[in-house]
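Before any comments, here is the structure.
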Amino acid sequence: MRLSKSFVPTLKEVPNDAVVTSHILLLRAGMIRMLSAGIYSFLPLGYKIVRKVVDIIREEMDAIGGQEFHLPALNPIEIWEETGRVEAFGDTMFHLKNREYILAPTHEEIITFHARNVVKSYKDMPQIWYQIQTKFRNEARPRSGIIRGRQFLMKDAYSLDTSFENLDKSYNLHDGAYRKIFDRCGLKYFVVGASSGAMGGTGSEEFMVKSDAGEDTVAYCESCGYASNVEVAESKVDALSRNKVSGELKEIHTPNVKSIDELCAFLKINETQCAKSRVYIFNNKPLLILMLGNDDVNETKLEKILGGTVRPGHTDELKELTGADAGSIGPISFNGKIIADLRLKNGNNLYSGANKNDYHVGGIDLMRDVPELEYADLRTVNAGEQCIRCESKLDVFSAIELGHIFKLGTKYSLSMGAMFLDENGKENPIIMGSYGIGVERIISCYVEQHHDENGIIWDKVLTPFQVNLLALNMKKGNVVEVSDKIYTELTNNGISVLYDDRFDAQAGFKFNDADLLGMPIQIIVGDKKLKENRVEVKVRETGERFDIEIEKLNEKIADIFKRTLYP
RNA sequence: CGGGGUGUAGCGCAGCCCGGUUAGCGCGCUUCGUUCGGGACGAAGAGGUCGAGAGUUCGAAUCUCUCCACCCCGACCA
């Protein structure tokens, strides 16, 4: 492709609204442009990368027996009402104004719709159905360029099986395919145990890329490889040990003491002597959660235990429900259900709020003073705690979710009536799995992982063109002649070439654009070296430069490509 | 949805507090000339409903109100 005839609007300056590196570089390289918050156009160069990613995904999905569909993004709302997910998605789902349609945020319902009409016998399974298609989610806050958009490309796959054992097989096939896909794309990633959230189901794993731009938080153990989304992560922390003697309940005046730290400082006690209270609303009823010291409530764990969604109580509700403001709330005389974290189990001589502003209560014995108290693991894991498996120190960091695989089980088949007859003529629900990959996120993560101060560094797999040919001075006849010849020859040999043949652009301009765009090999044709019948070859990743005789150019390029740029 | 910020030429910004010629600067763009291997130089140009609407005023980019858009933090999120 001749750059002089192409639309590749590179930017020298960083657009004001871009903060995340991948966003900045993709904008500057003329690969994407924003239309509206969370809605992006791919320009020709960027779309070439999308197609490369999609091709890899397609190959690996086909390799595990996947069959590609193309399902409608425009869906009648009734199908979504069958599973109750219109409500579950809430405002995240786009609704049309002039017809009872929605824009699909995912496709479990549509797949199940087709499955129930067609898959009637155990002989019809297993099936793996997938598509690579645009999804719509009305994100309250899109961010980080194409990492979180309101419209985005997703590879979504669904498995249909006769049993949970067979679901495991389909799930493992996807696990393997996903690893191949991300490996081939040149990504460093890891796999973590995850929450299945609103998707429902019995098990799930996420494919994560470590990144400050990420919105998920991951706990990771370097020594044994334990990796888990903090939503479900566990660590080894000491529980309370019960004192032999329980003290008397006593109310203590604690003016202006709100946080656990303030309480400890005021009473000169340790935080492990404190029970922190958080009030949630579950099914319109108040729920008090007790945590040891400064431990944070993990709302995902809480919701899993309760089997429904909770919300933190509003400030004005707290006073009404407990008689006190946040900071003075506690379990004694609390009117409602109370659940305590396992670390507090059977603790005594504890301090907590008195449900009266500026007062705390000491000498609490949970066994004595909080009857019928339930315990559960409700903690959020912190960095530096011991790994649940090997007791080494856990690392906690941000990560971008690239893909997510779920064992759905029967959630959709039961609610939508997708049944089959087994070998004994007995009717059973289809056992389903669902598997997603964010296409734009692969690209963003790649750029996050492969760039330097000058721009993007593509390897030979995802790059929009394999070679960037720079004719340094188009006003010199010999430069044009040789460049044109190289361009034609390489193209005829099946090597894709972006040919910077811009007439007016100066050498420095072309060098900088080439580094920004990041094709793996640059061939630089300049008057100076042409006099010795040589051109320069530069490897973008390493910065290596070679002066090559024109006759040996093909050989050299083949040689460089033979080396795996990212092993 | 809560908090904070921004909106002036294609991009990056100044001007606004303290209202007053024809709204500036850098980059980019057009034309001509010079230059030509790391974002050149000179000269001459084009390009603006100052986010939108209403108000105050003799006069508004500037003050007031409403709305919109975008960014960041949080909440939420498969």
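Each chain gets a letter, A, B and so on, in the order the sequences are listed, and its residues count up from 1. All values reported here derive from a predicted model rather than from experimental measurement.
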A:Lys276 and its salt bridge (charged side-chain N to carboxylate O under 4.0 Å, His left out) partner, picked from A:Asp295, A:Asp261, A:Asp296: A:Asp296
Checking all strands, does [X] fall into the base, sugar-phosphate, or nothing category for heavy-atom contacts under 4.0 angstrom?
X	value
A:Glu206	nothing
A:Phe207	nothing
A:Lys475	base
A:Gly436	nothing
A:Pro105	base
A:Arg143	base
A:Lys510	nothing
A:Ala140	base
A:Asp91	nothing

Does NZ or CZ of [X] fall inside the cone over [Y]'s six-membered ring, less than 6.0 Å from its centre and within 45° of the axis?
X	Y	result
A:Lys135	A:Phe152	no
A:Lys210	A:Phe190	no
A:Lys475	A:Phe503	yes

Find the partner of [N]: check Watson-Crick (N1-N3 plus N6-O4 or O6-N4) and G-U wobble (N1-O2, O6-N3) distances, both under 3.5 Å, and reply none if neither fits.
N	answer
B:C67	B:G51
B:G28	none
B:G33	B:C41
B:G2	B:C73
B:U21	none

Would you say the side chain of [X] and the base of [N] hold a donor-acceptor pair, judged only by whether the two atoms sit under 3.5 Å apart?
X	N	value
A:Asn512	B:G38	yes
A:Asp515	B:G38	yes
A:Arg545	B:G38	yes

Whole-Å [atom1] distance, [N] and [M]:
N	M	atom1	result
B:G74	B:U56	C1'	38 Å
B:C76	B:U8	C1'	35 Å
B:G24	B:A9	C1'	11 Å
B:G48	B:U35	P	35 Å
B:G15	B:A75	P	35 Å
B:C17	B:U21	C1'	22 Å
B:G38	B:G47	P	35 Å
B:C71	B:U34	P	47 Å

Of the nucleotides [options], which one has an atom closest to the side chain of [X]?
X	options	result
A:Phe511	B:G37, B:C70, B:U35	B:G37
A:Glu536	B:A40, B:G37, B:C13	B:G37
A:Asn16	B:U35, B:C70, B:U6	B:U6

Presence of A:Gln506 side-chain N/O under 4.0 Å of B:C36 phosphate oxygens OP1/OP2: no
Short side-chain N/O contact to B:C73 OP1/OP2 from A:Arg141, under 4.0 Å: yes
[N] [atom2] sits how many Å from [X] [atom1], rounded?
X	N	atom1	atom2	value
A:His23	B:C11	NE2	P	14 Å
A:Lys531	B:C36	NZ	C1'	12 Å
A:Met34	B:U6	CE	P	18 Å
A:Glu303	B:C76	CD	P	8 Å
A:Ile524	B:G38	CD1	C1'	10 Å
A:Leu11	B:G10	CG	C1'	9 Å
A:Asp504	B:U34	CG	C1'	14 Å
A:Ile24	B:C72	CD1	P	11 Å

Contact letters for nucleotides 25-31 of chain B, in which S counts primed atoms plus P, OP1 and OP2 and B counts the base, heavy atoms under 4.0 Å: -B-----
Flag, side chain of A:Lys538 to backbone of A:Glu544, donor-acceptor distance under 3.5 Å: no
For A:Ile24 against A:Ala18, the heavy-atom pair lying closest together: CG1-CB, 3.6 Å
Heavy-atom closest pair, residues A:Trp458 and A:Met519: CD1-N, 4.2 Å
side-chain hydrogen bond (donor to acceptor under 3.5 Å, both in side chains) partner of A:Ser22, the single match among A:Arg441, A:Glu448, A:Glu440: A:Glu448
Earlier contact from the 5' end, RNA chain B, for A:Val525 and A:Met154: A:Val525
Residue met sooner reading RNA chain B from 5', once A:Thr92 and A:Val19 are mapped to nucleotides: A:Val19
Any side-chain heavy-atom pair of A:Ile128 and A:Tyr158 under 4.5 Å: no
Listed partners of A:His174 passing ring-ring contact (aromatic ring centres under 6.0 Å, His included), at least two apart: A:Tyr435
Listed once per pair and sorted, the ring pair (Phe, Tyr, Trp, His ring centres under 6.0 Å) pairs that draw on residues 5-36 of chain A, sequence neighbours left out: A:His23-A:Tyr40
